[in-house]
Each structure stands twice: as C-alpha cells, then as structure tokens.
Amino acid sequence: QKRELVPPESARGTIEAIGAPLGEVYAAYETALKDNAASDYDGLLVMAHALLAQHPGVAKYYSRLYRWILIDEAQDTCLAEYETLKALCGTAQRNVFMVADPDQAVFGFRGASVAYLDRFVTDFGAETVHLGANFRCAEELVRVSFSFLGNTNETPVRSHANAAGRVQAVSLRDEVAEAEWLSNWIEDLLVHGLRSEYLAPGEVNALAPHQIAVLARTRRLLEPLCAALESRSIEYVLATGGSNIFDVSDFRIAHYAIRVRANPADLALRRALISQLSIDVAPGSVGEDGVISFFLELQRATSGPIHEVCELLAVERDVTDFCNAIIDWRIEVVEGEGEEMADLVLRDLELLQTRVRFFRNTVDRPDRTWPSLVSAIVEQPPPERGGIRVMTIHGAKGLEFRAVAVAGMNEGSLPDFRSENDPSLLAAERRLAYVAASRASRELVFTRARTVKTRYGSRRKEASQFLADTLLPIAEA
C-alpha cells in the first residue's frame with residue numbers, strides 16, 4: 001500500500017484472517033511507528049515524496065543542486081519512487097536519464113513495474129533509445145540468454161564483443177556428481193583459463209576466482225557444491241541475496257520473531273509481526289516482561305513452527321537456553337504439502353540450527369545477546385573476500401562474471417514448482433533464467449542432476465523446459 005502511496009484512510013479491503021478492515025490495521029501500524037519514532041523503508045519513500053511534493057521550495061533547491069539525474073535499474077521502480085522523481089524535477093528539470101532492461105524485471109513482488117518506463121516517456125517527453133548492441137557478452141551467450149524469453153531464432157540485441165563464447169549443458173547422475181563436475185570445471189578454469197578460440201583476439205584467458213560464479217534458483221541447490229568446494233579447499237563466497245536466507249515463510253517470520261525478542265521496547269516491530277501472522281493479538285507493553293507476555297499470547301494464537309518458536313521465546317529468557325532449544329528442535333512435516341515443500345521446511349530448519357549452533361559455539365557467553373543472535377543468523381561472508389562466487393540468481397542481479405554456471409536446471413527448481421499452473425509466475429521464472437544467463441560474458445554452463453535426494457528418498461527429475469528453448473545439446477556425464 002505505501003509503495004502505491006495509498007494512505008491508511010484510503011486503504012480498501014479486509015484482512016480476512018482477523019476480520020479487520022485493512023485501513024484500520026494499516027492506521028494502527030502507522031501509529032505504532034510514530035509512537036516509537038520509527039519508520040519502515042516504504043515510509044521513508046512516502047516521507048521523501050511528501051517533502052518534495054508539499055514543499056516546492058525544497059524540491060527547487062535540490063533540483064538546482066542536482067542538475068543531472070540518472071536512474072539505473074529503472075525496471076525496478078515503484079510508484080512512490082517514480083512520483084518522488086516527478087516531485088523533485090517539477091516541470092523544469094528534464095536532464096533525466098533512465099536506464100532499464102524490462103526483461104530483468106524480477107522484483108514485481110516489491111511493487112516494481114515496467115509501466116513506469118512508459119510513463120516516464122510521456123511525462124518527461126523523453127527520447128527512447130533502444131540499445132541493440134551488447135559489448136560485454138559473447139555472441140553465443142547473447143543468443144542463449146534471449147532464448148529464455150522466447151527469442152529462439154532472432155534476438156533484439158547483437159553481440160559486439162568480437163568473441164564467440166562457449167555455452168554447454170550437462171546432465172549428471174545426481175547432485176553429488178553435479179557438484180563434483182562443477183568443482184572440476186572451476187579447477188580447470190583456475191588452472192588453464194578460458195579457451196582462446198572462444199575469446200576476442202588478444203583477450204587474456206586467465207581467470208581470477210572472483211570472475212567465476214555458480215548460480216542457482218534457491219540456496220539449497222548450492223549446498224552440495226559448497227561441500228565439494230570445501231573438500232577441495234577451494235575458497236568461495238556464499239551470498240544468497242540480502243537477509244532473506246530462508247525459503248519458507250514460516251522461518252522468515254520466525255527470524256522476525258527473534259528480532260522482536262531482541263527489542264523489548266519496540267512495539268512497532270510487534271505490530272509488524274502481528275500483521276505478518278494476520279492474527280488479532282495486542283502488542284502488549286514495553287520491557288522484558290511485556291515481550292514475554294506478548295509471545296505467550298502469540299503462542300496461543302498460532303500453530304505449526306511459528307507456535308513452537310513463540311513458545312520457546314516465551315519460556316527461554318536466556319539467549320543460550322533458547323539456542324540450545326532451537327538446536328534440539330524437531331519438526332513434524334505436515335502430510336499433503338508435497339515433497340518439495342516438506343524438503344524446503346526441513347532444509348530451512350537445518351540452516352537455522354546450523355547458524356544458531358555456530359553462534360553458541362563461537363561467541364563467549366557474556367557476549368551472547370539477542371541482538372547478536374539476530375545478526376548471526378543472517379551473517380554473510382564479507383563481500384571483499386576472494387574466492388568463487390556462489391549465490392542465488394536474485395543475489396547475482398546486477399553483477400557480471402566472465403564464467404558462470406547455473407546449477408539445478410530441473411523442472412520444479414527453475415522454473416520453480418510453484419509456477420506450474422500460473423502463467424505470470426512462469427513468465428517471471430523465464431526472466432529469472434535470463435538474468436542468470438546474462439551474468440556471464442564468455443563462458444556459460446547449465447547443469448542438472450537426473451536424480452535428486454529428498455527426505456523421502458531419491459527422485460528422478462525432468463530437465464527444465466527452459467533448456468529446450470536454448471537449442472543446446474545436453475551432454476550426459
């Protein structure tokens with residue numbers, strides 16, 4: 001609602017789970033933020049827009065100060081951001097340059113829309129320049145990247161890199177074999193570099209570790225590779241794209257609940273958690289006793305993993321005792337959810353326990369606090385570290401590498417199984433595949449495991465439908 005600049009009084013609809021009008025819940029949330037002198041990110045956008053739109057003198061000052069404006073990744077623009085730009089520029093400032101690739105629009109769930117590109121042309125009288133030359137990516141990589149978008153025979157962009165490039169697809173026996181193949185591929189690149197016949201004349205073929213990346217749709221698909229790299233002492237940097245390290249919403253909410261426990265005085269955080277859970281519970285009072293009482297109420301109003309986490313947060317006042325309880329936590333998977341979802345749940349549990357165990361074992365007891373636990377759960381290796389880049393596709397957006405492997409190219413993984421009966425989600429998965437492939441400039445590899453190990457045993461997997469669009473032969477190894 002905020003990113004659409006909809007105030008509480010104009011919000012329509014009902015939160016069915018608690019039978020409350022959306023506008024009332026929205027207004028209560030905003031009141032809680034104000035009472036705690038706090039703001040969420042969307043609120044910052046709204047306030048920036050209000051400052052510029054309601055105070056023309058401020059807008060005029062900054063439009064004179066910043067005489068040229070560049071908006072990169074403009075396909076990710078939401079309404080609040082676009083209207084802030086308009087308020088800043090007014091009717092006089094027209095030195096504005098938007099750079100966008102509509103085919104990389106993968107953040108629609110955040111309110112982003114490519115529609116603002118068309119509005120920009122109309123509102124600013126902007127000239128549209130279609131960039132049809134790609135000076136970074138080799139010819140074959142450009143063709144394959146655009147094939148994911150349905151451009152099998154004709155691509156809207158031509159490579160001007162003067163390099164042929166190399167693309168291959170490989171099918172392996174299982175995920176362990178896939179990880180071993182990728183490790184061999186990485187070692188070969190580090191030792192011998194890229195093959196000269198795929199490069200531009202005179203181009204250096206040697207590769208530094210940070211110029212090689214392995215991408216996958218989800219974090220769990222990268223785990224076998226990480227284990228293989230560690231066994232060979234190959235340094236790597238794992239990045240999954242921000243603090244959203246969990247695949248299942250229950251565990252993302254559980255991590256948010258731990259944040260609430262770490263901030264006993266922040267009622268706004270509690271209201272936000274209530275909103276995520278869609279339940280009718282009062283936020284309670286500030287302080288240690290207040291937050292304990294709050295989690296007792298949540299425990300009564302929730303079920304499943306969230307109920308169990310809230311129970312632990314209410315019972316375990318000491319952070320070390322809470323860590324021990326999480327490490328010993330066992331989850332009964334609900335039948336009927338499907339093997340894929342059950343596997344995600346159990347893998348998220350394993351990840352949470354691994355992070356909590358590391359925190360308990362490496363942080364001295366006097367330094368174990370609730371805030372430090374929150375940070376430890378999502379802590380990532382420093383980005384300046386050397387090593388192979390191993391990351392989710394969302395985490396790789398905007399980055400460039402000379403050699404890229406995309407692992408887990410199976411139906412159910414890429415495209416994700418949740419897109420099976422939803423054309424709009426499937427289209428988003430196609431754009432995600434395009435983003436993955438277009439991260440590479442000289443060498444691109446797609447790998448898949450014919451058999452995948454799940455909590456219920458080994459399962460045969462079909463190759464991703466996207467691979468057929470590339471017209472690449474799939475080698476079996």
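Because the structure is predicted, anything quoted here is derived from the model rather than measured.
Within the 3.5 Å criterion, the main-chain N or O of Q465 finds a donor-acceptor partner in the side chain of E411. In this structure, the side chain of Y434 does not engage the main chain of S147 through any donor-acceptor pair within 3.5 Å. Between the side chain of D364 and the backbone N or O of P366 there is no donor-acceptor pair closer than 3.5 Å. Panel note: side chain S413, backbone D416; no donor-acceptor pair is recorded below 3.5 Å. In terms of modelled atom types and a separation under 3.5 Å, the side chain of D348 and the main chain of V248 share a donor-acceptor contact. Looking only at distances, no side-chain donor or acceptor of N263 sits under 3.5 Å from a matching main-chain atom of A265. A donor-acceptor distance shorter than 3.5 angstrom exists from the side chain of S464 to the backbone of L414, with no hydrogens or angles considered. Judged purely by atom type and a 3.5 angstrom limit, E24 has no side-chain atom pairing as donor or acceptor with the backbone of P21.
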Can you list, pair by pair, the side-chain donor-acceptor contacts under 3.5 Å of residues 285-292, counting residues two or more places apart and other chains?
from	atom 1	to	atom 2	distance (Å)
E288	OE2	R261	NH1	3.2
E288	OE2	R261	NH2	2.5
D289	OD1	R317	NH2	3.4

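Counted by atom type alone, T320 and R368 present one or more donor-acceptor pairs between their side chains at under 3.5 Å. In the model, W185 has a side-chain atom that pairs as donor or acceptor with a side-chain atom of E443 under 3.5 Å.
In this structure D280 satisfies the salt bridge (Lys or Arg N to Asp or Glu O under 4.0 Å) test with no other residue, sequence neighbours excluded. Residues passing the side-chain hydrogen bond (donor to acceptor under 3.5 Å, both in side chains) test with D123 are Y82, sequence neighbours excluded.
In this structure the side chain of R219 reaches within 4.5 angstrom of the side chain of L351, judged on heavy atoms. In this structure the side chain of W329 reaches within 4.5 angstrom of the side chain of V309, judged on heavy atoms. You'll find the side chain of K461 stays beyond 4.5 Å of the side chain of T451, heavy atoms only.
Centroid-to-centroid, the aromatic rings of F359 and F322 stay 6.0 Å apart or farther.
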Review point. side-chain contact (heavy atoms from CB on, under 4.5 Å) between I186 and L229: does it pass, once the steps are laid out?
Key: CA-CA 9 Å; I186 289 168; L229 293 176; 4.0 Å; yes
Practice item. Show the numbers, then the answer: is there a side-chain contact (heavy atoms from CB on, under 4.5 Å) between L33 and D40? Key: CA-CA 8 Å; L33 287 173; D40 55 22; 4.1 Å; yes
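Heavy atoms of other residues, nucleotides or ligands lying less than 6.0 angstrom from CD of E9 number more than 12. With a 6.0 Å radius and a threshold of 12 heavy atoms from other residues, nucleotides or ligands, E230 has its CD atom above the threshold.
F294 carries R270 over the face of its six-membered ring, with the cationic atom under 6.0 Å from the centre and within 45° of the normal. Cation-pi geometry between R259 and Y256 is met: the NZ or CZ atom falls under 6.0 Å from the ring centre, inside 45° of the normal.
Between R173 and E476 there is no salt bridge, since no side-chain nitrogen of the basic residue lies less than 4.0 Å from a carboxylate oxygen of the acidic one.
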